[in-house]
Amino acid sequence: MKKQAVFQEVADKIAQRVNDGTYVTSQKLPSDYDLAEEFQCSRLTVRKAIDLLITQNILVKEKGKGTYVMKQPKIQSGSGGLQSFTETAKAQGKKTRTEVLQVETVKELPTKIRQMFGNYGKEPMVYLTRLRYFDDEPMTVENLYVLKRYLEKESGEITKDQLESSLYEVIEANIEIGYSHQEVEAVKSPPDIAKLLHVSEEEPMLLVHSMTYSPSAKPILFDTSFYRADKYTFKNTLVRQK
């Protein structure tokens with residue numbers, strides 16, 4: 001395996017400090033000399049690392065004053081069409097991790113959920129709660145009802161690996177995903193959700209209700225998810241009807 005260039009290693013370390021809050025928005029970075037001494041490398045290596053981070057919109061230089069941390073944009077869902085959490089993360093250079101908090105097969109659905117699935121609401125359904133991470137930072141808690149048959153392999157089993165992966169990928173092995181209707185609202189953080197997402201109970205949350213269908217309008221899953229409002233946003237394109 002090709003060894004990573006030293007300037008790339010330095011850039012990764014600086015970027016990690018931005019991500020974990022060691023370096024905050026608008027903060028001036030230490031001098032090239034101080035960074036070179038800290039990372040035990042040349043000032044040329046530090047400058048190459050900083051130049052790389054400038055091209056990645058992580059740092060910005062102010063002539064004659066120094067290098068500063070740029071304000072980081074929120075993770076944006078919807079800008080690339082209907083994407084899974086995993087696809088959104090990948091498009092923005094993030095890695096994902098999933099913790100399954102609860103999973104059970106249910107036959108009796110809450111009335112509202114059953115009505116949303118129509119005749120399909122009589123089928124076995126998997127109820128799933130998952131905690132999702134971007135680069136090891138907790139981002140969302142998902143509560144999902146998914147038709148069981150769309151999660152099963154040919155053998156009829158549903159594995160732990162499936163539930164910890166991209167559900168869209170698992171589902172699309174059984175049925176094509178066509179579109180999703182979403183409603184987004186700002187809510188106060190429920191105490192249990194705030195704890196899972198490592199935020200204060202005073203922090204607002206984005207509560208997203210989504211009903212996802214196949215192209216032929218067959219219901220697939222209903223999702224009620226809490227997203228960190230300080231890190232996540234939703235983008236929708238509205239077409240004017242004439």
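- Taking a cutoff of 4.0 Å between a charged side-chain nitrogen and a carboxylate oxygen, Lys148 and Glu123 do not qualify as a salt bridge.
- Inter-residue side-chain proximity for Phe226 and Val187 is flagged as met; some heavy-atom pair is nearer than 4.5 Å.
- For the pair Asp223/Thr212, no side-chain contact is recorded, criterion being any heavy-atom separation below 4.5 Å from C-beta on.
- Under the 3.5 Å distance criterion, the side-chain polar atoms of Lys61 are left unmatched by any main-chain donor or acceptor of Ile54.
- Atom CD of Gln102 has more than 12 heavy atoms from other residues, nucleotides or ligands within 6.0 Å.
- Across all their heavy atoms, Ala49 and Ala11 have their closest contact at CB-N, 3.7 Å.
- The heavy-atom pair separating Leu221 from Tyr168 by the smallest distance is CD2-CE1, 4.5 Å.
- Across all their heavy atoms, Arg114 and Leu109 have their closest contact at NH1-O, 3.4 Å.
- For Arg43, the CZ atom counts as loosely surrounded, since its 6.0 Å shell holds 12 or fewer non-hydrogen atoms of other residues, nucleotides or ligands.
- With ring centers used as reference points, Tyr145 lies 6.0 Å or more from Phe222.
- Leu44 is not connected to Leu35 by any chain of hydrophobic side-chain contacts under 4.5 Å among Ile, Leu, Val, Met, Phe, Trp and Tyr, and they are in different clusters.
- Val69 and Leu52 fall into different hydrophobic clusters, where Ile, Leu, Val, Met, Phe, Trp and Tyr are joined by side-chain heavy atoms under 4.5 Å apart, directly or via other members.
- In this structure, a donor-acceptor pair under 3.5 Å is present between the side chains of Thr98 and Arg132.
- Under the salt bridge (Lys or Arg N to Asp or Glu O under 4.0 Å) criterion, Asp34 pairs with no residue at all, not counting sequence neighbours.
- Side-chain atoms of Arg130 come within 3.5 Å of backbone atoms of Leu163 as a donor-acceptor pair (strictly under, hydrogens ignored).
- In this structure, a donor-acceptor pair under 3.5 Å is absent between the side chains of Tyr150 and Glu172.
- In this structure, Gln27 contributes its side chain and Val24 its backbone to a donor-acceptor pair below 3.5 Å.
- Between the side chains of Asp12 and Gln16, no donor-acceptor pair of N or O atoms lies under 3.5 Å.
- Smallest separation of non-hydrogen atoms from Gly121 and Met125: CA-CE, 4.4 Å.
- Between Thr67 and Val60 there is no side-chain heavy-atom pair separated by less than 4.5 Å.
- Between atom CG of residue Asn174 and atom OG of residue Ser214 there is a gap of 12.5 Å, rounded to the nearest 0.5 Å.
- Taking both residues in full, the closest heavy atoms of Pro219 and Met211 are given as CB-CE, 3.5 Å, listed atom of the first, atom of the second, then distance.
- Taking each heavy atom of Tyr133 and Pro138 in turn, the nearest pair found is CD2-N, 3.4 Å.
- In this structure, the side chain of Gln162 engages the main chain of Leu151 through a donor-acceptor pair within 3.5 Å.
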Passes side chain to side chain donor-acceptor pair (under 3.5 Å), Asn143 versus Thr129? Steps please.
CA-CA 5 Å; Asn143 299 284; Thr129 301; 3.2 Å; yes
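- Note on residues 185-200: pairs passing side chain to side chain donor-acceptor pair (under 3.5 Å), not counting sequence neighbours, are Glu185-His209.
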